[in-house]
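Data first, discussion second: the structure below is written as structure tokens.
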Amino acid sequence: MNIDNESKAGQAIEAWKNAPPEVQLRNLRLAIESLELGQMYYEQKNNEKGRNRMIRCIAMLTQRCVDLKTEGMNT
């Protein structure tokens, strides 16, 4: 799944929720790395809208990582 906006980030999170936590964390990490590259691209192009969109997506995925790790500590 190509994540390039907040809607797709949310869809990816939902799609991955049925997978084991380790798989979810791997998918999230890979998606975050891809979004970080996108953020750098938009920064080079001086495209603030694109850059900010990538930052918001990264924040959503990072929060899901935190939630998964917190859930794992509580079980």
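We use all heavy atoms of the structure for the numbers below, so side chains are in, but hydrogens, waters and symmetry mates are not.
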- Item | Separation of Q11 CD from N5 CG (nearest 0.5 Å) | 7.5 Å
- Would I13 end up clustered with L68 when hydrophobic side chains under 4.5 Å apart are linked, directly or stepwise? yes
- Pairs involving residues 4-26, ordered by first then second residue, that meet salt bridge (Lys or Arg N to Asp or Glu O under 4.0 Å) (sequence neighbours left out): D4-K8, E6-R56, E14-K17
- Message: Taking salt bridge (Lys or Arg N to Asp or Glu O under 4.0 Å) as the cut-off, I'd like each qualifying pair that reaches into residues 28-45, sequence neighbours left out, listed once.
- Response: E43-R51
- Task: Search all heavy atoms of I3 against all heavy atoms of L35 and return the closest pair with its distance.
- Result: O-CD2, 3.3 Å
- Message: Holding to side chain to side chain contact (heavy atoms under 4.5 Å, CB included), I want the full list of residues that pass it with A15, two or more places apart in sequence or in another chain.
- Response: none
- Report yes if the side chains of R53 and Y42 come closer than 4.5 Å at any heavy-atom pair, otherwise no. yes
- Determine yes or no for a side-chain-to-main-chain donor-acceptor pair under 3.5 angstrom, with Q24 supplying the side chain and A19 the backbone. yes
- Would L28 end up clustered with V23 when hydrophobic side chains under 4.5 Å apart are linked, directly or stepwise? no
- Task: Verify the cluster assignment for M54 and L37: are they in a single hydrophobic cluster under the rule of side-chain heavy atoms below 4.5 Å apart?
- Result: no
- With sequence neighbours excluded, what pairs up with N47 under the side-chain hydrogen bond (donor to acceptor under 3.5 Å, both in side chains) test? none
- Could you identify which residues cluster with L30, counting Ile, Leu, Val, Met, Phe, Trp and Tyr as linked when any side-chain heavy atoms lie under 4.5 Å apart, either directly or through a chain of such contacts? none
- What about W16 and L25, same hydrophobic cluster or not, with Ile/Leu/Val/Met/Phe/Trp/Tyr joined at side-chain heavy-atom distances under 4.5 Å? yes
